Every structure is written in C-alpha cells, then in structure tokens.
Amino acid sequence: MTRARATFQTQFFVAALTATILALGVAGILFSGTMRRQVDDQIESTLVAETRLAAELLSRTAPLPTIPELQDEAIRIGELLSARVTFIAEDGRVVGDSFEKLSDLASMENHARRPEVVEARASGLGRSRRSSASVKMDMLYAAVPVKHPTIAFVRVAVPLTDVGHQVQTVLTATGTALGLALVGAAAIAWLFSIRISQRVRLIAQVAQRYESGDLTPPRLGFGDDELGTVARALDQSVQEVGRRLAEQARDRARTEAILAGMVEGVIVVDAQGRLQLVNDAAKLMLKLRDVSIGRQYSETIRVPAIADLVAEVLLGHRPEALQLSPPRDPSRAIMARAAPAAGSAEYGVILVLHDITDLKRADQIRRDFVANVSHELRTPLTAIRGYVEALSEDDANSDDRRRFLEIIGRQTLRMERLVKDLLRLARLDAGQETLDLVACDTRLLVQGVVDDLESAAEERRQRLDVTIAAEAAVVRADPAKLHDALRNLVANAITYSPEQSTIRVEATPVDGRMTLSVSDQGPGIPEEDLSRVFERFYRVDKSRARDPGGTGLGLAIVKHLVELHGGAVRVENREDGGAKFTIALLMAIVCSLAGCTRAPAPPPQSVSSSGPLRIERDTSPAGPITAQPQLTASGGGVILSWQASDAGDTTLMFAERTDTGWSPAKTVVSRRDLFANWADLPSVMRMSNGDLVAHWMQDTDPAAEAYDLRLATSSDGGRTWSAPFSPHHDGTKSEHGFASLFEASGGSLGLVWLDGRSMKETGLRTAMFDREWTQLSEDAIDTRVCDCCPTAVAVTASGPIVAFRGRTDDETRDISVSRLVDETWTDPVTVHHDKWHLNGCPVNGPALSASGRDAAVAWFTAPQDEGHVFVAFSQNAGTTFGAPVRVDESGSLGRVDVELMPDGSAMVSWIELAGKQATFMVRRVERSGGRSAATTVTTLGTNRSSVYPRMARRGNEIIFAWTDPDSLSVQTATTRVVP
Ligand code: ADP
C-alpha cells in the first residue's frame, strides 16, 4: 500500500519535473541562441556606427601631417571607444593604431589587403572577424573610408573575447532565471503530486472499504474535477449496487425467514438436478444431516421414493403426490408433492413435504370415535331392547320383571352418562367452558373429592391417603373444573385397583409447578398404552368383558380440563406396581383465597399482604394528538416527554412533575422529519447539575426506515436548546434508535442505542459525553441483538447496567444484561434462559431499575406462544439475577416497566391480555416472590396495538403514562405507595 502510494506520487512528480526540465531546456536553448545572435548583431552594428562616427570625426578634424599626431588621435579615439582604432593610408600603410606603439607602426604589415579594408574600399563599409596578425587575438573589425588628407580608412576593432563576454553575461542571467524557474516548478509539481496522490489515495481507500463490504460513503468529497467526477460516478454505482445487494439480502432473509418458519418442508432443485435450497422443516422430516447445496440432489436426498419423484419432474412429468414414512420413523406420515419451479427459463423442481401424521391420526381418531360411540351405544341399546322384549312376554314373573327393569335402568344410566360425557367434551372442544380462576386451598379441594368418593372406596375397603405439602397449600385454579378432573382420577383408581388397597393423593411443588398426583396399587397400564389412555374411548381392556361401568371418556375430559388451566397431565407406572396420574399446574402466589367451596383458609405465607393500589387519574400535561410518552426520574422530579403532531410537523415536548404538580409543557424541537414510532420513544432527562438532555430521532430515509439519533442540551430549564448533535458518526442511512440515556459517575452523559449500520444485523452501541458534552467514546456492546426492542439502562452503585433483548444464531431472543466495569462493558449475560425462539422482533423491551447494589429487571417472553411477564432481582449490582417471578395474571402483551422500591421490592407494570381485552396493570413484587394484588391502571380495550405504557417513581408517588388509543392523546395517572 505504502509502496504503491509512493510510486504514484513519485511517478507523477518525476513526470511533471521531466516535462518542466524539457520545456525549460528547449526554451533556454532557443532563447540563448537568439540572445547570442542579437547581442552579436548589436555589437557589430555598434562597432559599425562607432567606425562611421570616427570617420566622420576625422573628416572634420584638421589635417594631421605627422605620424605621431595621427597616432595620438588614434589612441584618443580608441580610448573614447574602448576599442582598437587603426588609421590606414590610401596605400595601405598603417598611420595610427591605438593598440600599437608609435615605434612599431612603421614595421606593421601593409593593411591594404585586409578583407575589411578591401570591402570598405569597394562598398564603403568593410566587416571582418578574424585573428589579428598584429595583436594576435580574434577581433571583429569594421572599416570605412575617411575624407582626410592622410587617412584613407579608419578601422575600429573589438576583441571577440569582449563580444563573448557580453553574450556570456546574458546567457548566465538567462540560465539563472531558468534554474529558479525549474526549482519553482519542481516545488509546485511536488505539492501538486501530493494533493493528487492524497485524493487518489482517498479514492483507493474508499474502494478498499467498499471491497470489504463497508459501504459507508466517505465523509470528504471527491473534488470537482474529472478525477472527482469519475470517483463520484463509481461511488454512486457502488452505493446503488450496495443498495440493491442490501435489498436482495433483505429479500433473501425474508424468504429464508418464511421458509424457516414454514411447517411444510421445502426443497428446491435446479434444472441440472443441483440442490438449491432445503428448509429446516424438510431437514427434520427427511432426517437430512449433511445437506450439500450446489451438489446433485441424490447426494443429499437418500429416500428413494422422493429422489424418484424429483427425477420424474426433471424428466418433464407431473407425478402424483406421494405418501411415505420418513426414514426410520414408520409412525409418521409425509405427503410429498413435486412440481416444476416456474418463473425461470429452465425449470427446476420444487418439492413440498407435508407432515400429515396428525391429520391421519385425527382422521383415525374420528373414525374410531364414530365406531366407539356406535359401539358404546349399541351395547346398552341391545340390552335394553332384549329386556324390553322379555318384559313384553307374559311368562316373566315379577322378580324377573324387577331384575329386567333394573338392568334397563342401569343401561339407560350408562347411556345417559355417555351422552353427558360426550356433550361435555363437545363443549370443551368448542371452547365453551371458560375458566374462573381463583386461589384455592388445595386441602379443601382434595377433601371435596375424597368426600364425594369415600363411600365408593369404603365399598371396596380401600384407603384414601391424602398428603399436601406446605408449599402446595394454594392452587390457582377453577375449583369446579379441577375438582372434576381430580375426581375422575380418584374414581378410576378406586375402580381399577384391587380391594383393600391404598390410593394416595399428593400435592407437592416440583420445578416451580404445583403437582397433584393420584397413585394406586392396581395393575397399572401396559407400557404400549401409556401414551393413549387419554384418547377418547381408549380402554386398556378392549374386550369390555369386564365392564367397570366407565365410558372411556373420563381421562380425555381430565386432559382437557387440565390443559384449559395451562397445565399438563401425565401417567406413569409406579415401580412397586400401580398407576400414577399427575396433574401439573402453575404455582399460585396470590394474596387471598376465594371461590373455594369450603370455609376460607388463612392466607398462605408466600402471599404479600399489600392490597390493591388506588389509581388516581390526573390531568395530563400533553394535549390532544400526542403519543410516545416517556418518563425519566431524577432527584428533581419526574419528566414526561411526548411527541405532538400538528400540521405536518412533529414536536417533542416535555413537562416536569414536582411537588406542585406538572409544570407547563415546553418544546424541545419541532421538525417535519421527526421520526415517530410507537415503541421507539424520545426522552428528556434532567442531569444532577440541573442541565436537561433530550434525545429524539430524525428520518434519513423513511422508505428504508433509516433514522438518526439526535441529542440536545439545555442549561436554562428547557427554554433554549443547544444545536443538536449525534452520538454516532457512521454516516449510514440505517436504524439508530431505541436509545436509553443515563448519567454515569462524575456527571457524564451516557447512552445506549440499537444501531443498524452493518446492514446485516442490529448491534447495541454506547457513547459517553463529558460535562461539556464533548464526546468521549463510542463502542459496541453487542453486535447482534433483537432489532427493535427498546433498551433499558439503570445506574447501580457499581456503575451502569444495560438490559436488552439478545439474539443468538438460532434466533433465541432472551433478555441479556451488560455492565460498565472499569470503563469496559462486560460480555452480555442472559438474565434467564426463557429459550424464546422467534424469527422476528417482538417489539417488547426489558425494563430496569436500580438502587445501590440492588437491581430489578422485568421482561416479557413467550416461549410456548403464551406471553408472560417476569421480574428478577439482583443484589450484586446486576452481576447475577435470582429466579424470575411471574408477574402477569393469565397472559400478557408485555410492554413492561419496573421501579425498585426502597424496601427492595419492585413495582412492575405490564399489559395484561385476557381474551381480546388489554389492560395496563401494575403490582408490587417482593424479592421473595410475594406479589400484591394486580391493580388496573387503565383498560386499553381491543385497540391497543400502539400503546407502550411507562411508569416512574417520585418518592411515594408512582406516575403512569400511556397513549389512549381512542382519543390519541397521552394520558397520566398516579398512585401513592408505602415506600
Ligand atoms: P373409563 O371411563 O373407561 O374409566 P377413562 O378414560 O377414565 O375411561 O380411562 C381409560 C382407560 O384407562 C380405562 O378404560 C382403563 O383401562 C385405563 N385406566 C384408567 N385409570 C386407570 C388406573 N388407575 N389403573 C389402570 N388402568 C386405568
């Protein structure tokens, strides 16, 4: 990289320098040639002019009769002209020469044949360049005739060395100028090469970044020249390609999510027979372990019938659907359909696999059911008919008649029981029996069953032994229905176990569930029948030879009733003989007992004594058409923020609740591009020095749901706000939201948010600012988290902790926490392994609250498709959390909030969901697991899709805020609590 950069810069510099040298060299040569000639011509013409002047001068001077006088005149003119001046007589004799001594004149050679003299005689002017025989040097001569009695010609000569000297002077000056120009040009070329190479380097870096998959556009521009234009064009193409790739990836992810979520198995093979896609359901159904995508399908699909099906479609046939059992699993049935994959020029194959085991089973059950009902009815009907016929015959005596009538009565009773059971099952199937859940005293409930069946047991001299564990003293159930279920099990035990045996009824807590079991000392149930005894009409003894009077529907009704409670019933054979039926129900932790048929029992120990709260509706400071309430608490009070919509603009506003109630509402920001999402809530928070900090979101690309986080601060109570700033600087048009602000130690501002800059997955990031709002850091806490569940932060005595919904590779979306320890966020730890697998985001974040080293986290989860809310406590600043305590009543939509109370308990709020009705509820949960009665803050009706209620504490006052779905306005309520 460095080498390439140096080379480009040097190459550019060398090229520019060479061009400059060449240009300057050629210019120098041309210039010096011209200059030389010009100087030469100048000197020559000066010499000629001087010679003419000397001739003119001599023609005007008096005749100089003697040689010495002539010599003196020559010397005088020679000195005046700084040249050699020679006077030549008509015959060629030299009569004066400024360069010769007087004595030497006589011996001088005759000059009549000197070229300049010859030329002067002929044309009036003679010029010559040659070596002087007299003075022995190269000279430039000019000679002209003179009108003088003794001098015929005057000749002026300058040494050629003088001429060269003058030319040299000019050339030196030219050379110096060229040298300076060269240095200047070199410097300019160097600077220019640095600038160009920097830009080329920027473009190369951007290209390299693009290559590595990071399509963040460069923050610096490319410039306005051709290089910039090319770079910009390439950048735009890459961004476009990136956008399309992201779109494709989104489409692919969506398709994969759809395929992964399908219960049908899907296999796609291309026209060449290469495997293109196998979804999870297909892998599971065909028990495919090694799936070789891109290889021939026959390498992966080892089931011959299915491989043949694919082959037939590849050959252009339309084969019928196929029914088969998966390898090594004859109990299951799969329907395989293969069809050509349309939509491409070359047809491949789409193979769809349906698991029809349940369908077949249901069909079988239906057929069995009809056969069983007919059979069950036929037996008593045949008996009744026979005895009615016998009665109608005259020879029956009165004893017989009484016996026949008794039999008819018994059979009628049996039919009546059967019809009653069938009707009850039909009601249960149709969901017509609803639960009336109350907390019941387990002992009273079991006693009720024992009382009912005591006489039957006594008849068979059997003993009913009841044991209730202290922890299972209370069961939350519909007492009548649980009574029926337990009664059925005990009745069966009495029927099927031998006389004088013991039947044991036990209530114990197991794995957080409350179990009610009935064990007997009867024959037990053959292993192969264990899984089927809960089916309708299923009887172990199919001969019905020994008719214990049952309908074969009892256990089916038990199963229904228990499942209606959200529980499960199972059967096993005891090691020392006999069957054991167990009903497992959710543990009940409630405040009072009600609804049981017997006298009320004292409240059990695990029940909290605090009663329901008194909720007081309050005049909300937010006006109409407001939404997204958020509450933040500080030493000063609680701040409620919300967004108001008006004429296309969205405004973030807030009011503060102090001892005197709500302050007047103030505006933080009002913009057209303020991002509004029912679960991504902006906030306003007061720092301990009194400053306010607000955060909100601004659209950057609404089509792509891209938006940025913006922060602003106010030091005058919200009258004026600073210029907004962002905690992130990635420059991508992606999700930046679900932020939680907090004040870290030393009064610095921290925040965490969900960040979609990687385009592939959403990460959790954090930033810190000092008291002057200068950004100190920006880090990633987790690179893969659930994409749109709100985050939560609380500050413990040991530093801040953040709670968020995590996301593992297998799409488990449980709640994780990370702590800031020694300026580093710890690796996220799962609060509780709910094992909620979900291909998508439930938009349901956790809530956190902390005080000292105590912390509470509340969250929503639905691993078995039943939504519930839990709270867990930590006493070591969030390092570990205790066992979760269930918070909701019977089912929840989540959207939780939590406030730790001074006594270590937690106020938890949530949306309870019963039927289609949603209710915003709150209750206090103690660390021990005790729960107060649930109190309704407000009912939300059925239109609750965009309600995300919030809660905050101000001393003894708990404040609630939510968006009323009917009036579309933020509402508030308060309650006073004993701290
Ligand atoms: P039924 O009315 O015939 O008792 P259930 O649905 O209550 O019908 O029971 C189904 C079958 O399960 C019974 O026919 C019996 O074979 C078997 N079964 C039920 N309870 C027991 C038990 N405690 N011991 C042995 N077998 C039992």
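Each ligand, and each atom within it, is numbered from 1 in the order the structure gives. Keep in mind the model is a prediction, meaning the values are calculated, not measured.
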Heavy-atom side-chain proximity of [X] to [Y] below 4.5 angstrom:
X      : Y      : result
Leu482 : Cys440 : no
Leu561 : Asn488 : no
Leu445 : Pro479 : yes
Tyr496 : Val540 : no

Out of Val533, Val558, Val518, indicate the one that has the non-hydrogen atom closest to atom 12 (O) of ligand 1.
Val533
Under 4.0 Å from one or more heavy atoms of Arg539, ligand 1 contributes atoms 3 (O), 14 (O)
Leu555 heavy atoms within 4.0 Å reach ligand 1 at atoms 5 (P), 6 (O), 7 (O), 9 (O), 10 (C), 12 (O), 19 (C)
Less than 3.5 Å between some nitrogen or oxygen of Asn492 and one of ligand 1, yes or no?
yes
For ligand 1, is there an N or O atom under 3.5 Å from any N or O atom of Ala579?
no
Min heavy-atom dist [X] to ligand 1 below 4.0 Å:
X      : value
Phe537 : no
Gly552 : yes
Gly524 : yes

Counting only heavy atoms closer than 4.0 Å, does ligand 1 sit against the backbone of [X], its side chain, both, or neither?
X      : value
Tyr538 : backbone
Asp520 : side chain
Ile525 : side chain

Which donor-acceptor pairs under 3.5 Å do the side chains of residues 575-584 make with protein atoms, sequence neighbours left out?
{"residue": "Asp576", "atom": "OD1", "partner": "Arg574", "partner atom": "NH2", "Å": "3.3"}
{"residue": "Asp576", "atom": "OD2", "partner": "Arg574", "partner atom": "NH2", "Å": "3.4"}

Would you say the side-chain atoms of Thr919 and Thr939 include a donor-acceptor pair closer than 3.5 Å?
no
Which residue pairs pass the side chain to side chain donor-acceptor pair (under 3.5 Å) test with at least one member in residues 419-428, sequence neighbours excluded?
Asp421-Thr551, Arg424-Glu433, Arg424-Asp484, Arg427-Glu433
Would you check, one step at a time, whether the test side chain to side chain contact (heavy atoms under 4.5 Å, CB included) holds for Val571 with Phe534?
CA-CA 9 Å; Val571 60; Phe534 294 102; 3.8 Å; yes
